Amino acid sequence: MDLAPIWLSIRVSIIAVGVVFIVGTGLAVVLQRYSFRGRTIIEALVMLPLVLPPTVAGFFLLLLLGKNGPLGRLLNYFGIQIIFSWWAATIASMVVALPLMYQGVKSSLESVDLNLEQVARTLGAGEARVLRTITLPLSWPGIVSGVVMAFTRSLGEFGATLMVAGNIPGKTQTIPVAVYSFASSGDMAGAGYMVMILVAVSFSLVFAVSAWRRKFIRWY
Amino acid sequence: MDLAPIWLSIRVSIIAVGVVFIVGTGLAVVLQRYSFRGRTIIEALVMLPLVLPPTVAGFFLLLLLGKNGPLGRLLNYFGIQIIFSWWAATIASMVVALPLMYQGVKSSLESVDLNLEQVARTLGAGEARVLRTITLPLSWPGIVSGVVMAFTRSLGEFGATLMVAGNIPGKTQTIPVAVYSFASSGDMAGAGYMVMILVAVSFSLVFAVSAWRRKFIRWY
Amino acid sequence: MLRVQFETRLTNFILKTDIVAENKILVLFGPSGSGKSTILKMIAGLAMPQNGLIKLNGRILFSSADRIKVKPQFRNIGFVPQDYALFPHLTVKDNVGYGIVRKINPGDYESRILQMLETVRIAHLKDRFPKQLSGGEAQRVALARALITEPALLLLDEPLSALDADLKLELQEELYGLQKQWNIPFVLVTHDYREVERLEAGRARLTMADEVHKFTFSETDRPKVNTLKL
Amino acid sequence: MLRVQFETRLTNFILKTDIVAENKILVLFGPSGSGKSTILKMIAGLAMPQNGLIKLNGRILFSSADRIKVKPQFRNIGFVPQDYALFPHLTVKDNVGYGIVRKINPGDYESRILQMLETVRIAHLKDRFPKQLSGGEAQRVALARALITEPALLLLDEPLSALDADLKLELQEELYGLQKQWNIPFVLVTHDYREVERLEAGRARLTMADEVHKFTFSETDRPKVNTLKL
Amino acid sequence: SNSTSNQKAVGETMQAKSKEAPVEVNVWAAASLKDVLTKLAPNFEKVNNAKLVFNFGSSGDLQVQIEQGGPADLFISAGKSEIDALGKEKLIDSASRTNLLSNDLVIAVPANSKLTISKIEEIATINGVNKIAIGEPSQVPAGKYAQQSLEKANIWNAVQPKLVLAEDVRQVLSYVETGEVALGFVYKSDMKVSKNAKIAYSVPDSYHDTIVYPAAVVKNGRQHVLAAKLLDYLKSKAALNVFKEYGFKQVAK
Ligand SMILES: Nc1ncnc2c1ncn2[C@@H]1O[C@H](COP(=O)(O)OP(=O)(O)OP(=O)(O)O)[C@@H](O)[C@H]1O
Ligand SMILES: Nc1ncnc2c1ncn2[C@@H]1O[C@H](COP(=O)(O)OP(=O)(O)OP(=O)(O)O)[C@@H](O)[C@H]1O
Ligand SMILES: [Mg+2]
Ligand SMILES: [Mg+2]
C-alpha cells in the first residue's frame, strides 16, 4: 500500500497548524485586546472559510493564487508556482483551519484575569513578556482546543485542496484526496483503508492530548 | 431569484445549532467533569466528523440512516424516512457542527473556578442549578465561540448534506447545495449570488455577536 | 451542637481535630498554614477528612465508619470562605440572594436582601458586580450571602479581616446579636485576639507538633483574653 | 521621595489625594471603600487619575498637565495587591522570581529567591502552586514577589492582614528593617492602628465628606497612637 | 502556431537531455479512468523513458484548473462540454483532439433487487421504483446522458419527482448499493467493481448522444510531443483491449 499520502498529509497538517497557531493566536490577541476600526470586519473575514463550502473556498483560492490571480502573478514573477504543489494543499489547510484556531484562542483569552497582567507589568514585564508568560499560558485550554480542531480539520481537508492542489499521487495527494480517488474508481477497500488511517491519526491525537491534559489538569 | 434555499438553510442551521448546543454542551460537561472508562473514546468519536471529509461522513450517515441501516430500519418501522428529507440535511449539519461546539465549550469549562461551584453548593444549590447558574454562565466565552463556529459550519455544510439529503430544489436544496447546482450548470452569476448570501449571513452573525459581546465584556 | 472529630493527612502534616461547638461562637486560633481553613471546608463538605466523624444537631454529616458523606447542598451550613469566592457574573444583590431565591416567596426576596445588605452597610452597592468592589466591600458581600440563608451552623473564615476598626466593631456587634437571636453555633477563624473577647467566644486552641497539628476545644466559657500572649 | 496629588471621580465620590512620602513608611488609613486601594493602583500605574501629578524621586510618573503617563513596567514600583493576584500557573518560586529573572545573573537567581522566601517564612513551599496555599501563605508570596525586586517605591495593600499575631509581628520587623536598609518610601494600607506604631510610620489621614474623600498627609513623625479611637 | 512549435522544441530538447531521469508527463483525467490508466501507464513509461504524473478529478474541476494555469500536458475528459470550453478558450491543441473512448449507459439496481427491466419506458410505471438516482445532468456526464435517455423515452416529466441528483457517479452507486434508490444510471465501466449492485438494463446508444471521452493535448503543457505520443498509444489496439477489460468500448464511428 502506498504510504505517500500519509506522510504528505502529516507534513501538510503540521506546517499548516504551525502557521495557523501563530497567525490565529496573533489575530485573536490583537482582535480581542485592541479596539480599532475594521476590527469586526477582519474577524468576519477570518471566519469566512468556515461558512464557505470548501470547494467555493478552493475556487477563490484558485482565482487568487492561479496564473492570472493577483497573488499568483506576483509569485510567478519570482518564478514560484504554488498551484498544484503541496504548498497549495498547505495553504488550503491553513485557510480552513484558521477560523477554528482563532475562535479557540479567543474564547480563552476572554477569561484571562487582566489583574494578573497588570501585576506582571508592575514587576517590569513588557507587553511581549506579559503575553508570552502570563496571557498565553493562562489561555492554554483554548489554545489546545484550537490546535486540536485546526489539526483535525487540516488533516481532513479535501474540497479546497482538490481544487488548488489537485490529485497528483505522491505530490499533492493527501489522505482525503486519496480516499476520493479510490472511491471514485470504485476501489472501496482502498478508500476504507485510507479512512481508517485518518481515523487512527485523529484518535491518536485526541488520546495524546487527553493524556497530556490530564497531567496538567487543575494545578491551578 | 428563488429564496427557498435561504429559508431552508437558516431553518436547518438553527435547528442543528439548537440541538448541537444542548448535546455539545452536555457532552463537554460530562466528559470534562467525570472520569469513566471510555471517556476518551467518546471524545474521539465526537471529534471524528472534523477529520473525515464531509463526503465520507455523509457516506457513513447514509449507511446508518439508510433503509438498511440500523437506525434507518428503526425509523422506518415508525414510518419515518429520513434520507432525502430536510431532516437529513439537519442531521448532517449537526454531525459536522458538534465537534466545534464541543471543543468550544470544553476549553472554557476548564477555566471555571471550581471554588465557586463549591460555594454555590453550600448555599443549597444542587448539581443542575450549579451547572445552569454558575458553570455555564462562567463558560460563556467558549459557548459563544462554539455557537458561532457551529452555526457557520452548519450554514456552509455541503458534502455530507448532498450525500444524505440530495439536491432536491425546495426540499433539501440548502444554500451551499444551490451554489453547487448553479456552478455546475455554468450559472456563475447565480452561484455568486448564493455565495454572497452565505457571506452576508455569516458577516451579520459575526457582527451581531461581536456587538453583543462588547456589551458584556469585562463586567467580571 | 456541632461535633467534629477527625484525622487527615495534609501535604506536610497530619491534621487532628476534636472540637465540640455549643450554640455559641467558637473561635479557631492557629498560625498561618496550620489547617484552620481546611477544617472549615471539611465541616462544610467541600473536602473530606480521611477518617472521623462530623455531627450537627444529632445528624451525622460525615462518618468514615458508616461511610456517610452528606453533600454540601444538604448540610444547611453557611460558609464565608477566606477568599470570598463571590460569583463574578452576578450583581451584589444576586450574589446575596443566591441561597434564598428558591426558598422564599418572591415578594419578600428584595426586601430581605436589602435588609441584609444594610446589616453589613453596603446597601448602596446592590447593583455592582464583584469586580467593582473594594476588598472590604467584597468581604461583606460574602458575609451577607452566608448570613441570609439562616443556616443551622455558620462557618466564618476571617470574615472581618479586611475591614477598618470602626466597621469591624459594628459588625462584631451584629454577629454577636445574630448568634444570640438564632441560637446556632458559629465557628469563626480570626487572628485578632480581641475578637474573642468581644464575641464572648469560646475557643479551640492548636497544639502543634512538627508532624501533627491538633485542634482541641479548650474553653466554652468566656475566655480570659488578658492572659493571651500578644 | 514620592509626591502624589490628584483628583479623580470614582463611582460614588470624588477622590482627592495630596500626600508626600519621604523615605519612610507612610500608612494610608481610611474606612472600607474610601479609596485606599485605588490610590495605590494609580501610583503603580494600573489606573489613571483624571488629573493631577505623581512624582517619584524627581521623575514625573504621571502628569495630566504634561500628558505624561509612564507605563507600569517602567515605574520600578513594587506592588502587593490586596487580593494577592498570584500567577496561578507558576510555582511559588517562579512567582517570586518573576520580577528578577531577567535582571539577575542565573547563578544567584535560586539563592535570592530562597533567601526572600525565608524572610517571609515560606521556604518549604517553594514548589507549590498558588491554589495549594493557605490564605496567609499566599499573602506572603505576594509580599515576597514585590520585595525581591528592590524597587524605588513599595506599595503594600494590607500586606499582613491574613497573618496570625506572632507572624505579623515578625514580618513587621522585617518590613521595618528592609525600609531602613533600602531607604525608600513604603506606602502601606492597614486597618491595624498598632501597625503604625510598630513601623514608626507616618500616616495619611482621610477627610471624608459624603461627596469627596480626601487623603492628606498628616504627620511624618512618630504618631501618637494612643490618641486614636479604638 | 509559432509559440506552439517553440514549446515543442523546448520539449524535445528537454527530452533529449534527460536520458536517465524519466521525463514527467502530466496526465489530467476523469476520475473514472483511474484504474485503467494506472494499469496502462507502465507500458508507455518503459518505452518512452517517461513518468506519467496523474491528476484524477471530476472533468468540470479539471477544466477550471486548466483554465487557471494548471500544468496539464494531456487532458482526458469524461464529457464533451469541458473540452469544448477549453477549445473555445484556445487552451488545447484542437488538432490533437480525439474521441478516445466510449461507454455504455446502464441501469444499476441493488444486488438483491428483483426488479426486471426490459424497456427504459417501464421505469416510470413499474412498482417499487420510488426513487431514481442520476448524476447532476449539468455536471456529471452520465447524468446528462441519463436525462437525454429519459427525455427520449418521454418519461422525463413523469420521473422527475422521483429523481435524486448526485454529485458524481460514485454517489449514484452508493445510493443504489445501500438500497436508498430503486435504480440509478451509471456507466458500465463503473459496475465492474461494484459488489452490491448489478446491471438490470443497458440503455441503447440510440437514446442519447454518443458517449465519448474526448482527449486533447494541452497548449500550456511542456511535453507536447510526449503527450501526443501518449495519446497515440492510448488509441492503439493494445490499449483498447485493456480499456475493454475495464468495461469501456471504442467510439462508434
Ligand atoms: N490544595 C492544597 N494542596 C496541598 N496543600 C494544601 C492545599 N491547600 C492548603 N494546603 C496546605 O494545607 C495546610 C493548611 O492550609 P489551611 O488553608 O487550612 O491553613 P490555614 O490555617 O487556614 O492558614 P491561613 O491562616 O494562612 O489561612 C497549609 O500548610 C497549606 O499549605
Ligand atoms: N472597578 C470599579 N468600578 C466601580 N467602582 C469601583 C471599582 N473598584 C472600586 N470601586 C469603588 O471605588 C471605591 C474605592 O475602592 P477601593 O478599592 O480603593 O477602596 P479601599 O479604600 O481599598 O477599601 P477596602 O479597605 O475595603 O479595600 C469603593 O467605593 C468601591 O466601591
Ligand atoms: Mg485560612
Ligand atoms: Mg482596598
Side-chain angles (χ1 to χ4, degrees), chain B residues 21-22 25-26 28-30 32-36 101 104-148 209-220, chain C residues 37 40-48 61 70-92 94-104 127-133 138 141-157:
Chain B
F21 172 76
I22 295 167
T25 307
V29 169
V30 171
Q32 206 262 318
R33 289 295 160 83
Y34 301 96
S35 221
F36 53 89
M101 187 74 211
V105 178
K106 180 179 156 147
S107 70
S108 265
L109 278 178
E110 269 167 355
S111 359
V112 172
D113 185 353
L114 295 182
N115 266 328
L116 298 178
E117 300 185 1
Q118 293 282 47
V119 169
R121 287 188 192 104
T122 68
L123 291 166
E127 294 309 312
R129 184 162 177 232
V130 169
L131 187 68
R132 194 169 46 76
T133 58
I134 306 292
T135 317
L136 293 183
L138 289 176
S139 309
W140 75 270
I143 293 179
V144 172
S145 272
V147 167
V148 169
V209 168
S210 162
W212 179 81
R213 254 177 170 161
R214 217 164 294 149
K215 261 183 56 185
F216 283 88
I217 215 148
R218 296 292 166 203
W219 35 248
Y220 72 87
Chain C
S37 298
L40 294 198
K41 278 184 202 153
M42 286 175 176
I43 299 174
L46 306 184
M48 294 293 157
L61 298 182
V70 176
K71 289 186 176 162
Q73 59 263 43
F74 302 122
R75 291 194 181 195
N76 194 21
I77 293 177
F79 178 43
V80 180
Q82 192 171 5
D83 60 355
Y84 320 151
L86 300 183
F87 306 130
H89 59 301
L90 300 181
T91 58
V92 166
D94 294 339
N95 262 283
V96 173
Y98 192 87
I100 56 163
V101 64
R102 297 195 159 188
K103 294 176 187 157
I104 196 174
D127 296 319
R128 296 264 186 99
F129 285 101
K131 272 276 152 96
Q132 304 170 322
L133 301 175
V141 176
L143 184 60
R145 183 178 61 177
L147 288 176
I148 202 172
T149 60
E150 300 191 2
L153 166 68
L154 200 59
L155 307 172
L156 305 158
D157 202 346

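From a predicted model like this one, the values you see are computed outputs, not experimental measurements.
Counting heavy-atom neighbours within 6.0 Å of F36(B) CZ, excluding the residue itself, gives a total above 12.
Contact of L46(C) with chain B is made through backbone and side chain together, with heavy-atom distances under 4.5 Å. For chain B, the nearby part of D83(C) is the side chain; its heavy atoms alone come within less than 4.5 Å.
Contact between P137(B) and H89(C) at its shortest, heavy atoms only, is CB-CD2, 3.4 Å. Closest heavy-atom contact between K103(C) and L123(B): NZ-O, 4.2 Å.
With rounding to the nearest 0.5 angstrom, the CD1 atom of I134(B) is 5.5 Å from the CG atom of L90(C). Separation of atoms CZ (R75(C)) and OG1 (T122(B)) is listed at 11.0 Å; rounding is to 0.5 Å.
With sequence neighbours excluded, the residues satisfying side chain to side chain contact (heavy atoms under 4.5 Å, CB included) with A28(B) are Y102(B), V105(B), K106(B), L109(B). Remark: R121(B) pairs with E117(B), E127(B) by the salt bridge (Lys or Arg N to Asp or Glu O under 4.0 Å) rule, at least two apart or across chains. Residues passing the side chain to side chain contact (heavy atoms under 4.5 Å, CB included) test with A138(C) are Y84(C), L86(C), L133(C), sequence neighbours excluded.
Among F79(C), F87(C), F74(C), the residue making the largest number of heavy-atom pairs under 4.5 Å with chain B is F87(C).
Using a 4.5 Å heavy-atom cutoff, the side chains of P81(C) and V119(B) are in contact.
Residue-level contacts of residues 95-102 of chain C with chain B, in order of numbering, are Y98(C), G99(C), V101(C), R102(C); threshold 4.5 Å between heavy atoms.
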